[in-house]
Amino acid sequence: MEGDYSKFKNKFLLKDFLIITIGVIITAFGLVLFMIPYNIIAGGVSGLAIIFNHFFGWWVGLQMLIYNLILFYLSFKLLGTGLGVKSVYSAILLSLFTDLLQQGFNMDQLIPNLIEKSGSSSIEITLLSAFYGGLITGFGMGLVIWKGSTTGGTDIIAMILNKVFSISVGTGLMITDTIITASSIFINPLLPMYGVMAIFITARTIDGVLEGFESTRTILVISDHYEDIKNDIFNVLDRGVTYLKGVGSFSGQDKIVLMVVLSRNEIGTLKKIIDNRDKEAFMVVLPNAEAIGYGFKKIS
């Protein structure tokens with residue numbers, strides 16, 4: 001039994017690292033294709049690295065690796081905590097793929113070369129780069145975060161500021177990223193505006209990815225045929241059901257309320273089950289911030 005559990009755990013761990021790797025590669029493509037060549041500074045260590053890359057030609061990936069290693073060390077020394085294996089893996093891999101794509105394959109010149117060959121110089125490429133760079137990196141980072149990892153960065157600085165100066169983590173992160181994004185004014189006075197746009201798009205895309213993969217709903221069902229509906233939920237959806245006791249305010253009669261948590265794409269099946277069993281049933285669908293436990297997100 002213990003051996004089977006170990007194999008099951010290793011299988012899911014391997015799947016997590018595979019998805020993290022895909023997310024990191026997508027993030028690197030977003031950085032190299034759009035953010036780096038057009039100096040879109042969207043905060044974080046990548047933004048700082050892009051600034052120094054512009055002025056001194058320092059490799060972006062190598063800079064990111066050095067900055068993250070320093071931040072990992074400070075996290076351990078000042079906060080007494082280390083970053084998980086997944087986060088260290090993600091940070092190192094992102095640095096490697098960023099330099100591989102930029103320095104090894106010159107992918108940062110792909111879009112500029114296409115624009116030059118097409119003669120489309122009138123296109124507002126900086127605006128498009130902020131949009132697509134934020135979209136692609138946000139999707140990649142969303143996959144990484146979905147599997148319980150991060151790519152390192154300024155969130156560690158925010159936690160240090162929280163401990164040393166009692167500044168909230170959210171405020172600390174906003175201050176750090178704002179300073180880095182505002183620094184792009186030394187490259188071009190208009191760039192901070194594009195950076196803010198990229199930050200917003202990245203954040204919204206990450207939220208969209210997480211909501212899309214982890215989106216769950218709590219459904220409350222009131223029906224006299226609750227036993228049949230419960231059995232169908234067990235057999236068809238393989239989900240657990242909780243009985244809640246209720247009282248009808250009009251009739252004064254005791255009622256059994258079914259509570260079940262489902263992923264968003266399972267709601268249609270549940271509606272068919274209920275419609276088949278009781279067309280007079282009452283059903284309420286509630287959004288969840290998060291669902292943790294068997295059949296959903298792991299606690300650890």
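In what follows, residues are counted from 1 in the order of the sequence shown. Being a predicted model, the structure only gives us computed values, none of them experimental.
- Side-chain contact, S263 with E266: a donor N or O sits under 3.5 Å from an acceptor N or O.
- Figure legend: R239 and Y294 shown without cation-pi pairing, the cationic atom not lying both under 6.0 angstrom from the six-membered ring centre and within 45 degrees of its axis.
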Verify side-chain contact (heavy atoms from CB on, under 4.5 Å) between I274 and I229, making sure each step is shown before the conclusion.
CA-CA 6 Å; I274 294 174; I229 295 173; 4.2 Å; yes
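- Of all non-hydrogen atoms in P192 and N188, the two that sit nearest each other are CD-O, 3.6 Å.
- Using a 4.5 Å cut-off on side-chain heavy atoms (C-beta onward), V247 and K255 make no contact.
- To the nearest 0.5 Å, atoms CG (L48) and OG (S184) are separated by 11.5 Å.
- When all heavy atoms of F234 and V241 are compared, the pair lying nearest together is CE2-N, 3.7 Å.
- Closest approach of M64 to V45, counting heavy atoms only: CG-O, 4.2 Å.
- F131 and F34 have their aromatic ring centers separated by at least 6.0 angstrom.
- For the pair K279 and D275, the salt-bridge criterion is met [side-chain N within less than 4.0 Å of a carboxylate O].
- Between atom CD1 of residue I180 and atom CD1 of residue I175 there is a gap of 12.0 Å, rounded to the nearest 0.5 Å.
- Rounding to the nearest 0.5 Å places CG of L31 at 12.5 Å from CD1 of I26.
- Between atom OG1 of residue T151 and atom CG of residue L93 there is a gap of 11.0 Å, rounded to the nearest 0.5 Å.
- Here the side chains of Y243 and K230 are in contact, with some heavy-atom distance below 4.5 Å.
- Residues Y89 and T21 bring a donor and an acceptor atom of their side chains to less than 3.5 Å of each other.
- Rounding to the nearest 0.5 angstrom, the gap separating the CG atom in L110 from the CZ atom in F105 is 13.0 Å.
- Closest non-hydrogen pair, T205 versus F139, comes out as CG2-N, 3.4 Å.
- Interatomic distance, T154 OG1 to I160 CD1, rounded to the nearest 0.5 Å: 11.0 Å.
- Counting heavy atoms from C-beta outward, F52 and V60 have side chains that stay 4.5 Å or more apart.
- When every heavy atom of A291 is checked against every heavy atom of F296, the shortest pair comes out as O-CB, 3.4 Å.
- Considering all non-hydrogen atoms of both residues, S90 and V144 come closest at OG-CG1, 3.8 Å.
- Counted by atom type alone, S87 and T150 present one or more donor-acceptor pairs between their side chains at under 3.5 Å.
- A salt bridge does not link D254 with K245: none of the charged nitrogens is closer than 4.0 Å to a carboxylate oxygen.
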